J.: 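Mind looking over this structure? Questions follow.
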Amino acid sequence: MDIFLLEAVVDGLLLGGVLALLALGLNLIFGVIDVVWICYVELVMCGMYTVYWLYAYFGVPFLLACAAAIVVVAVLGLLVHRLIIEPVLSFAPINQLLATGGLLFFLQSFATLLFSTDFRNVGIHLAPIELGEIDVSKARLLAFAIALLGAGGLYLFLKRTYLGTAIRAIAEDREIMGLMGVSPRRIYFITSGIGGGLAGLAACLLVLQYDVHPFIGNSFGPITFMICVLGGLGNMIGGFAAAFIMSQIIAVGGYYFSIEFSYVLAFLLFIVMMFVRPQGIFGR
Amino acid sequence: MSKSALAGGVAGLIALAIVPFVAADYILHIAIQILIWGLIYTAWSLMGRFGLTSFGHGAFLGIGAYVPALLWNYYGVTPWLGIPLGMALAMLVAMLIGYPSFRLRVVGHYFALVTMALSQVVLLSLVAAREVTGGSLGMTINVVHSWLALQFTQKSVFYGIALVVWLAGLVVWWRVDLGIGRVALEAISEDEIAAASSGINVMREKLRVTLISAALTAIGGSLLTQYIQYVNPDVVSGVPVSLQIVFAAIAGGMGTLLGPTVGAFFTIVLNESLRILFGTHFIGAANTIYGILLILFIIFMPQGIVGLIEGISARAAHGVDEEEEAAAAQAMPER
């Protein structure tokens, strides 16, 4: 096997971890609240700026900055739900999509206003690990491992805890759960917080690999939605698998053609898959 | 059409025709942009008002912008031929995406996401073909001021062209609104299966507005390029511009003839005034306020500015009761 192709495959695997983590929170929110936060990656951007300012500007230790970012984005998630989603919860799904789309514009331009369009780097450069003949990015490996841990943690939380069971039950049947004494409102609120926290976690990992700028959501947003839909919206395991399929197409396609073209392939695959299996590859 | 509306329309047209003779270049520049974007938003609303929420109009806009520009720059083909070719390609793409979507009943936010993927495909293809298109840096079109090249030193000439094309777009919208197709499409957006079982050819009705909408959007893209004489993939394709189209149409009110144009007027004038107010020191200030307004629009007045004004004037005229007003507020079709 060509060594560069192998490197592309490994790279794709690691990119898959990041994309899977991004898709995880979005999928949770969709599965439970039945709302697509089109501004999800913009929340990740807020987390990245939090880490950047705390760590690179105010000199707060990196891990502490990360913890702060997770809390900040979790709170943002709560605010998004309270201020934007709750008023439109009874509207047509497309209006909910548009309301969060308005937030996307707001967050992108507000970030431009505050921080200008400069690309900012936290300045942490982890040396790549040499694995045989190929170089593996340590930042990506870390992101991959933490994405797996995050997904595992969320799975355990949903399966093993009382709250997790309530969240899953709400996703199954909204009407009945109200009668069983579970307040959907409270569950939605908690879910939004967790979804936001996951976006914050993703931010901590992305900031090690990419410069932060107000429009970073444009490069990761669309592919994240496609992954969620491809895996079956709300289906977390499906989303996880879809992330790795997409990332392989992007990485290996990038090896054979160009990176933009490999994204074109990924989006075309998405369109075709929507026609062949509209419920997603792993949908019920 | 009532007599007063007709009189209002004629007066409006006369006023629009006078603009180039009295307005400064800057005002004319704004007016041209309002007309072109008004056309694009009107084209979008042809689909949007029937629940076909496309997040992919950036694709049609991009095709319309690039096809004539590339043909002109590389082969010297006049835009008079390039623009129809761009429209044809946009319609072909609309067909390729629309036919399977409508056949397989991809609706609601799934349709929005499929079209969003399409707009990304066009954006990234334009960037990927950077040897030809100049990639993210964009491309200036070869300047030859002549009718053949559809380039003019005088803004007023271009204003005239934009005005005529915008009017043509309104006529198309009006024809669709008058036709039996509108009733069919409204029925489809309420309940697709019920509409199909009452003898409506769901497929044909949906495809018809989709193709018309794509073609009109492509013309809008061509005009933008011809006017600015520069084209950039991020300005005419991709998700942000697609969302911008959706929002402006909704802000103006997509269920009425002039709603989308009012949306264009509102967003462009707002943007310009905020830009003048804040200067270049506060890049993003305009869009920050714009974003907040969009959220408020979706939450509090989904029927748009024109819808709101019509609602108020109708209430003043007929004393509409609360119930009907609530029905108007829910004017956005389900799914």
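Lettering of chains follows the sequences in order, A, B, ..., and the numbering in each one begins at 1. From a predicted model like this one, the values you see are computed outputs, not experimental measurements.
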J.: In terms of heavy-atom proximity below 4.5 Å to chain A, should B/L123 be classed as side chain, backbone, both, or neither?
T.: neither
J.: Give the member of A/A266, A/P222, A/S258 that has the highest number of heavy-atom pairs under 4.5 Å with chain B.
T.: A/P222
J.: So if I apply the side chain to side chain contact (heavy atoms under 4.5 Å, CB included) rule between B/S213 and each of B/T217, B/V209, B/L211, which one comes out positive?
T.: B/T217
J.: Less than 6.0 angstrom separating the ring centers of A/Y52 and A/Y57, yes or no?
T.: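 No, the ring of A/Y52 stays outside the 6.0 Å limit from the ring of A/Y57, centre to centre.
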J.: Side chain, backbone, both or neither: which part of A/V264 has a heavy atom under 4.5 Å from chain B?
T.: both
J.: Identify which of A/I223, A/T112, A/L114 forms the greatest number of heavy-atom pairs closer than 4.5 Å to chain B.
T.: A/T112
J.: Is B/S101 in contact with chain A via its backbone, its side chain, both, or neither, using a 4.5 Å heavy-atom distance?
T.: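 Both backbone and side chain.
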J.: With a 4.5 angstrom heavy-atom cut-off, could you sort out which part of B/R105 is near chain A: side chain, backbone, both or neither?
T.: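 Neither part; nothing is under 4.5 Å.
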J.: Is it the backbone or the side chain of B/L104 that comes under 4.5 Å from a heavy atom of chain A, or both, or neither?
T.: side chain
J.: Between B/F111 and chain A, which part of the residue has a heavy atom less than 4.5 Å away: side chain, backbone, both or neither?
T.: neither
J.: Ring centroids only, cut at 6.0 angstrom: are B/F266 and B/Y41 within range, meaning strictly under it?
T.: no
J.: Look at B/T115, B/I97, B/V239 and state which one has the largest set of heavy-atom pairs under 4.5 Å with chain A.
T.: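 Going by pairs under 4.5 Å, I would pick B/I97.
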J.: Rounded to the nearest 0.5 Å, how far does CD1 of A/I227 lie from CG of A/L24?
T.: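 Taking CG in A/L24 and CD1 in A/I227, the distance rounds to 11.5 Å.
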J.: Under a 4.5 Å heavy-atom cut-off, does chain B meet the side chain of A/F270, its backbone, both or neither?
T.: side chain
J.: Taking every non-hydrogen pair under 4.5 Å, which of B/D234, B/L113, B/V106, B/L294 racks up the most with chain A?
T.: B/L113
J.: Out of the candidates A/I85, A/V36, A/L43, only one should pair with A/T100 under the side chain to side chain contact (heavy atoms under 4.5 Å, CB included) rule; please name it.
T.: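 Going through the options one by one, the only one that passes is A/I85.
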J.: Could you check which of A/L265, A/L97, A/L107 has the highest count of heavy-atom pairs closer than 4.5 Å to chain B?
T.: A/L97
J.: Between side-chain atoms of residues 238-249 of chain A and protein atoms elsewhere (two or more places apart, or another chain), which donor-acceptor pairs fall under 3.5 Å?
T.:
| from | atom 1 | to | atom 2 | distance (Å) |
| --- | --- | --- | --- | --- |
| A/S247 | OG | A/G12 | O | 2.8 |
| A/S247 | OG | A/G16 | N | 3.4 |
| A/S247 | OG | A/A243 | O | 3.1 |
| A/S247 | OG | A/F244 | O | 3.0 |
| A/Q248 | NE2 | A/V9 | O | 3.0 |

J.: Looking at A/F220 versus A/Y210, is the centre-to-centre ring distance below 6.0 Å?
T.: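 Close enough - the centres of the two rings lie under 6.0 Å apart.
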J.: Suppose we call two aromatic rings close when their centres sit under 6.0 Å apart. Are A/W53 and A/F115 close by that rule?
T.: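 Distance test on ring centres: under 6.0 Å, yes.
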